[in-house]
Amino acid sequence: MAMRVAAAAAAAAVAEPRGLRRLFSISSFIPPLAAAAAAASPPAEPSTNLFVSGLSKRTTTEKLYEAFSQFGQVVHARVVTDRVSGYSKGFGFVKYATIEEAGAGIQGMDGKFLDGWVIFAEYAKPRPPHPQFENSGTPSYGRQ
DNA sequence: CGTGAGCGA
């Protein structure tokens with residue numbers, strides 16, 4: 001006489017893109033040393049340059065720019081692509097006007113979906129000055 | 001094969 005209530009079938013329907021499944025390596029034990037707690041996930045230094053990864057192969061710079069412009073003033077955005085093939089490498093860089101906007105952009109776009117793929121936004125690592133001068137030869141030519 | 005970790009012309 002009891003009707004079967006089967007209304008719980010719309011669960012676990014996560015719009016998950018095929019592939020790219022994060023492997024959660026759960027440590028079954030916690031080291032007695034509390035010093036290991038600082039090695040969980042060391043964030044990079046706060047910078048206006050943001051490193052965005054997890055981008056789709058079809059995602060372009062404009063998509064990145066418009067996606068991150070919602071959380072701050074994006075000074076410049078670029079999707080790393082190969083000059084030889086011309087295809088996107090799968091990651092890009094977004095530069096905000098200030099660091100506070102950069103943080104807002106990370107907290108606002110990190111772990112979000114873009115073009116059907118989960119993207120990750122974090123501070124980019126500092127880089128040496130761009131070699132505007134295409135001087136053929138190694139910079140350290142004839143080091144003492 | 002545009003494959004999927006990763007840091008750029």
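Remember, it's a predicted structure, so these values are computed and weren't measured experimentally.
- Think of A:L64 as one node in a network of Ile, Leu, Val, Met, Phe, Trp and Tyr side chains linked at under 4.5 Å; its network also takes in A:L50, A:V52, A:L55, A:Y65, A:F68, A:F71, A:V74, A:V79, A:V94, A:Y96, A:I106, A:M109, A:L114, A:I119, A:Y123.
- Atom CG in A:L64 sits about 16 Å away from atom P in B:dG8, given to the nearest Å.
- Rounded to whole Å, atom C1' of B:dG8 lies 10 Å from atom NE2 of A:H76.
- The side chain of A:F91 lies closest to B:dC7, out of B:dC7, B:dG2, B:dA9.
- The residue among A:R83 and A:Y87 whose nearest nucleotide of DNA chain B lies closer to the 5′ end is A:Y87.
- To the nearest 0.5 angstrom, A:S47 atom OG is 12.0 Å from A:R127 atom CZ.
- In the set B:dG2, B:dG8, B:dG6, the nucleotide with an atom closest to the side chain of A:E122 is B:dG6.
- Nearest to the side-chain atoms of A:F120 among the listed nucleotides B:dG4, B:dC7, B:dG6 stands B:dG6.
- Residue A:L55 contributes atom CG, which lies 12 Å from atom C1' of B:dC7 at whole-angstrom precision.
- Proximity note for A:S53 (side chain, C-beta onward) versus B:dG8, B:dG2, B:dG6: the nearest is B:dG6.
- When rounded to the nearest whole Å, the span between OH of A:Y123 and P of B:dC7 equals 19 Å.
- Nearest heavy atoms, A:K57 versus A:S88: O-OG, 3.4 Å.
- Note on A:G54: a base of the nucleic acid sits closer than 4.0 angstrom, heavy atoms only.
- Distance, A:W117 CH2 to B:dT3 P: 6 Å, rounded to whole Å.
- Annotation: B:dG6 and B:dG2 have their C1' atoms spaced 16 Å apart (nearest Å).
- In this entry the distance linking CZ of A:R78 with P of B:dC7 reads 16 Å, nearest Å.
- Residues A:N49 and A:S85 both approach DNA chain B. Their nearest nucleotides, taken by heavy-atom distance, put A:S85 toward the 5′ side.
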Could you walk me through whether A:F93 and A:V80 pass the side chain to side chain contact (heavy atoms under 4.5 Å, CB included) check? CA-CA 7 Å; A:F93 293 90; A:V80 180; 3.3 Å; yes
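- A stacked arrangement is not assigned to A:F51 and the six-membered base ring of B:dG6, the conditions of a centre distance below 5.5 Å and an interplanar angle below 30° not being jointly met.
- Counting non-hydrogen atoms under 4.0 angstrom, A:S56 reaches a base of the nucleic acid.
- Rounded to the nearest 0.5 angstrom, A:Q70 CD and A:K112 NZ are separated by 9.5 Å.
- When heavy atoms are screened at a 4.0 angstrom cut-off, A:T81 is found touching the sugar-phosphate backbone but no base atom.
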